[in-house]
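Shown next, in C-alpha cells, is the structure this report addresses.
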Amino acid sequence: MIIGSQLRFFKETGSTNDEALLLLKGENVAEGTVIYTDFQSSGRGQTGNSWISETGKNLLFSIILYPETISPEEQFVISMAMSLGICDFLDRYHSGSRIKWPNDIFINDDKIAGVLIENQIVGNIISNSVTGIGLNVNQESFPPVFPRPVSLKKAAGRDLDTGLCLKQILSDLDKRYTELLYGDREIIPGEYLSRLYRYKEWHPYRSGSRDFTGMITDVDSSGKITIQEKDGKVRDFLFRELEYII
Ligand code: BTN
C-alpha cells in the first residue's frame, strides 16, 4: 500500500495542501503520506476559489506522491486516476457518480467532491505531487454556490462514519495509483472517458464570449478536452478555456 502508508491528522489547519507543501520543503516525507483534518480555515479550490466545509462533517485531505515515471506532458493521468478512485469509493454507497472535466465529481448535476492537484516539476520530472481532495460526507446545508453541492449523506440517505470513509477512499485511491504506475496505462484514460459527465452528448458550452452546442469526444493525458460542434468543427480546449452551461 502506497497511499495511506502514513497518516498525519490536524484537528484544524489552514489547508491540508499547504501543510503538505510545507512538509515537502523540510523533512523527507514517505510517498503516500496523507494529511487530513476536521477543519480548514483557508481551504483552497481550483482557479483561486475557496473550499468551505463544516467542522468534522466531511473528508478534507491531501496525499503526497512522487510519480517520477509519469512525464510532465502526461501529468493529467494522475488526475484521471484520482478521480476514478473517488468514483470507486462513491460506488460503495451510491452508483452513478460522474467526473466533470477536469476533475470535479458529480452526482447527477450536483458536485460532491473537488480535487486540487499541485505538481512540482523539476527538469522533465514530476518531483512531487500533492493531491488535495474535499468530499462532502455528512454536511446537510451548503451556501448557495455554483455548481450546487451535494453530500454523500443526501445521496445515500443515511449518516456515514467519516473515519471508515477515509479508510475506504484511501484504499480505492491506492488501487488506482498502483494501476497507473504498474498496470496497463491505457486502462485509466479509457475508464475516465466512460465516467465522464456529458461524454458524447450534445450540451451548451461557453468559451470566452462565444456560446455553442457541442459534444465531448475526448480528453487526453495532457488534460486537453476535445469538443465536436454542431457544424462538424472539432476544437480542443485547455482548463479555464471552457465553461459548462448547466
Ligand atoms: C475544487 O473543486 O475547486 C477543488 C477543491 C479541493 C479542496 C480540497 S480540501 C483538502 C485540500 N486542501 C485544500 O486547501 N484544498 C483541497
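Counting convention: from 1, in listed order, for ligands and their atoms alike.
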### Message
Looking at N136, is its backbone amide N or carbonyl O close enough to the side chain of Q139 to form a donor-acceptor pair, meaning the two atoms are under 3.5 Å apart?
### Response
no
### Query
Any donor and acceptor pair, going by atom type alone, linking the side chain of T37 with main-chain N or O of F10 inside 3.5 Å?
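Such a contact is found between T37 side chain and F10 backbone.
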### Task
For the residue pair F239 and W101, categorise the inter-ring angle as parallel (less than 30°), tilted (30 to 60°) or perpendicular (more than 60°).
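Ring orientation, 0 to 90° scale: perpendicular.
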## Note on the structure
Sorted by chain and number, sequence neighbours left out, ring pair (Phe, Tyr, Trp, His ring centres under 6.0 Å) with F9 holds for Y36
### Query
Under a single-linkage rule joining Ile, Leu, Val, Met, Phe, Trp and Tyr whose side-chain heavy atoms are separated by less than 4.5 Å, which residues share a cluster with V122?
none
### Query
What pairs with E118 under side-chain contact (heavy atoms from CB on, under 4.5 Å), at least two apart in sequence or on another chain?
N17, L21, R44, L116
Quick one: ligand 1 N/O to protein N/O pairs below 3.5 Å?
from: ligand 1; atom 1: 2 (O); to: K111; atom 2: NZ; distance (Å): 2.6
from: ligand 1; atom 1: 3 (O); to: Q46; atom 2: N; distance (Å): 2.7
from: ligand 1; atom 1: 12 (N); to: T16; atom 2: OG1; distance (Å): 3.1
from: ligand 1; atom 1: 12 (N); to: Q40; atom 2: OE1; distance (Å): 2.9
from: ligand 1; atom 1: 14 (O); to: S15; atom 2: OG; distance (Å): 2.7
from: ligand 1; atom 1: 14 (O); to: R44; atom 2: N; distance (Å): 2.7
from: ligand 1; atom 1: 15 (N); to: R44; atom 2: O; distance (Å): 2.7

